[in-house]
Amino acid sequence: MENYQERNADFLRSVREWQERGRALTGRPLSVRTAVRKALNGGAPRFYVTREHVWKKMCERHRRLPPREKPHRRAMWDEIAMALERRQKDVPGESRWEALDYVLCRHHPSGFFITEPYALRLVYAEMRKRDSNNQKQDRKQ
């Protein structure tokens, strides 16, 4: 995953948005766990991988599926492969590279393809960082 920092930032933004939606509906934010689950399964802006990395993985997977591939990673590669296949059926004259570029730029993935425990660690680390910054600001005042 080449662009994990961007993915993590987008994921944390999505969690905050889900919490705000909860606040708007009920007057209080969603629980962290609920917001994380909604963000994980609520779609992502993009796949956060480069076309060269995807091409390499698709070639490897065409020969043989990795035996110890993590389920969330396998789901991502399967979704990319299905989107690529669909694009090639829809636009038959397009090269595989052009179809791949289209998928990576235009296809909105079904989720962020990270595990819930990892997602929770990201959120709690962000919360600790925010609390630490707030405490530093309080000391200055």
Side-chain angles (χ1 to χ4, degrees), residues 1-140:
M1 179 71 55
E2 283 95 17
N3 302 311
Y4 71 92
Q5 291 171 328
E6 185 181 346
R7 180 208 56 202
N8 292 352
D10 286 346
F11 172 74
L12 291 168
R13 189 175 312 109
S14 180
V15 169
R16 285 190 299 273
E17 288 170 1
W18 277 106
Q19 286 184 311
E20 289 306 313
R21 287 179 195 164
R23 185 186 318 274
L25 291 173
T26 65
R28 59 187 176 84
L30 291 176
S31 71
V32 170
R33 189 172 296 275
T34 301
V36 162
R37 286 180 180 156
K38 296 245 183 222
L40 283 174
N41 300 313
R46 59 192 208 90
F47 282 108
Y48 306 101
V49 289
T50 64
R51 71 193 284 228
E52 290 79 12
H53 184 67
V54 172
W55 192 263
K56 178 182 163 194
K57 284 292 192 181
M58 289 291 128
C59 290
E60 287 173 6
R61 291 172 62 81
H62 186 68
R63 287 189 298 272
R64 176 177 76 87
L65 284 178
R68 293 192 178 104
E69 190 171 52
K70 297 174 182 174
H72 62 283
R73 234 3 117 223
R74 179 166 287 176
M76 180 184 77
W77 294 119
D78 288 346
E79 187 169 327
I80 291 172
M82 286 188 302
L84 184 58
E85 189 177 305
R86 191 174 19 224
R87 176 66 182 177
Q88 289 182 301
K89 282 182 184 174
D90 292 346
V91 186
E94 191 173 57
S95 75
R96 286 186 60 83
W97 277 106
E98 290 171 326
L100 179 58
D101 285 343
Y102 180 88
V103 166
L104 292 177
C105 291
R106 304 286 179 160
H107 181 81
H108 292 285
S110 61
F112 283 92
F113 302 106
I114 57 179
T115 64
E116 187 174 323
Y118 179 78
L120 287 167
R121 281 196 308 270
L122 284 175
V123 171
Y124 290 134
E126 180 71 17
M127 290 168 72
R128 279 191 304 275
K129 190 165 79 174
R130 198 172 358 160
D131 289 345
S132 172
N133 288 340
N134 288 341
Q135 288 175 356
K136 288 178 187 175
Q137 287 178 352
D138 289 344
R139 282 188 221 135
K140 287 181 182 179

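Throughout, residue positions are numbered sequentially from 1 according to the sequence presented. All values below were derived from every heavy atom in this structure, side-chain atoms included, with hydrogens, water molecules and symmetry-related copies excluded.
Between atom CD1 of residue I114 and atom NZ of residue K70 there is a gap of 11.5 Å, rounded to the nearest 0.5 Å. Taking CD from Q88 and CD from E85, the interatomic distance works out to 8.0 Å, rounded to the nearest 0.5 Å. Between T50 atom OG1 and L104 atom CG the span is 8.5 Å, to the nearest 0.5 Å. Note that CZ of F112 and CZ of R46 are 11.0 Å apart. Values are rounded to the nearest 0.5 Å.
Contact of the R96 side chain with the L84 side chain is registered, since non-hydrogen atoms from C-beta on lie closer than 4.5 Å. A 4.5 Å side-chain heavy-atom check between P109 and E79 finds at least one atom pair inside the cut-off. The shortest side-chain heavy-atom distance between W18 and V36 does not fall under the 4.5 Å cut-off.
Nearest approach of V49 to N3, heavy atoms of both residues: N-ND2, 4.0 Å. Summarising the geometry of P29 relative to R23, their closest heavy-atom pair is CD-NH1, 3.5 Å, with the distance given to 0.1 Å. Of all the heavy atoms in A44 and G111, the pair that sits closest is CB-O, 3.4 Å. Contact detail for R87 and A99: the closest heavy-atom pair is CG-CB, 3.8 Å.
With sequence neighbours left out, R21 forms a side chain to side chain donor-acceptor pair (under 3.5 Å) with no residue at all. In terms of the side chain to side chain donor-acceptor pair (under 3.5 Å) criterion, R86 has no residue partners (sequence neighbours excluded).
The residues D10 and R7 are annotated as not salt-bridged, no charged nitrogen and carboxylate oxygen being separated by less than 4.0 angstrom.
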Between side-chain atoms of residues 56-63 and protein atoms elsewhere (two or more places apart, or another chain), which donor-acceptor pairs fall under 3.5 Å?
unit_1: R61; atom_1: NH1; unit_2: E69; atom_2: OE1; d: 2.6
unit_1: R61; atom_1: NH1; unit_2: E69; atom_2: OE2; d: 2.9
unit_1: R61; atom_1: NH2; unit_2: D78; atom_2: OD1; d: 2.6

Under 3.5 Å, which donor-acceptor pairs do the side chains of residues 118-126 form with other protein atoms, sequence neighbours left out?
unit_1: Y118; atom_1: OH; unit_2: N8; atom_2: ND2; d: 3.3

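Within the structure, salt bridge (Lys or Arg N to Asp or Glu O under 4.0 Å) contacts touching residues 98-114 (residues at least two apart or in different chains) are R51-D101. Legend: ring pair (Phe, Tyr, Trp, His ring centres under 6.0 Å) pairs involving residues 68-105, not counting sequence neighbours, sorted by first then second residue: H53-W77, W55-W97.
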Legend entry - Worked verdict on Q19 versus V32 for side-chain contact (heavy atoms from CB on, under 4.5 Å): CA-CA 8 Å; Q19 286 184 311; V32 170; 3.9 Å; yes

Inset, instruction - Check the pair F113 / Y48 against side-chain contact (heavy atoms from CB on, under 4.5 Å), numbers first and verdict last. - result: CA-CA 10 Å; F113 302 106; Y48 306 101; over 6 Å; no

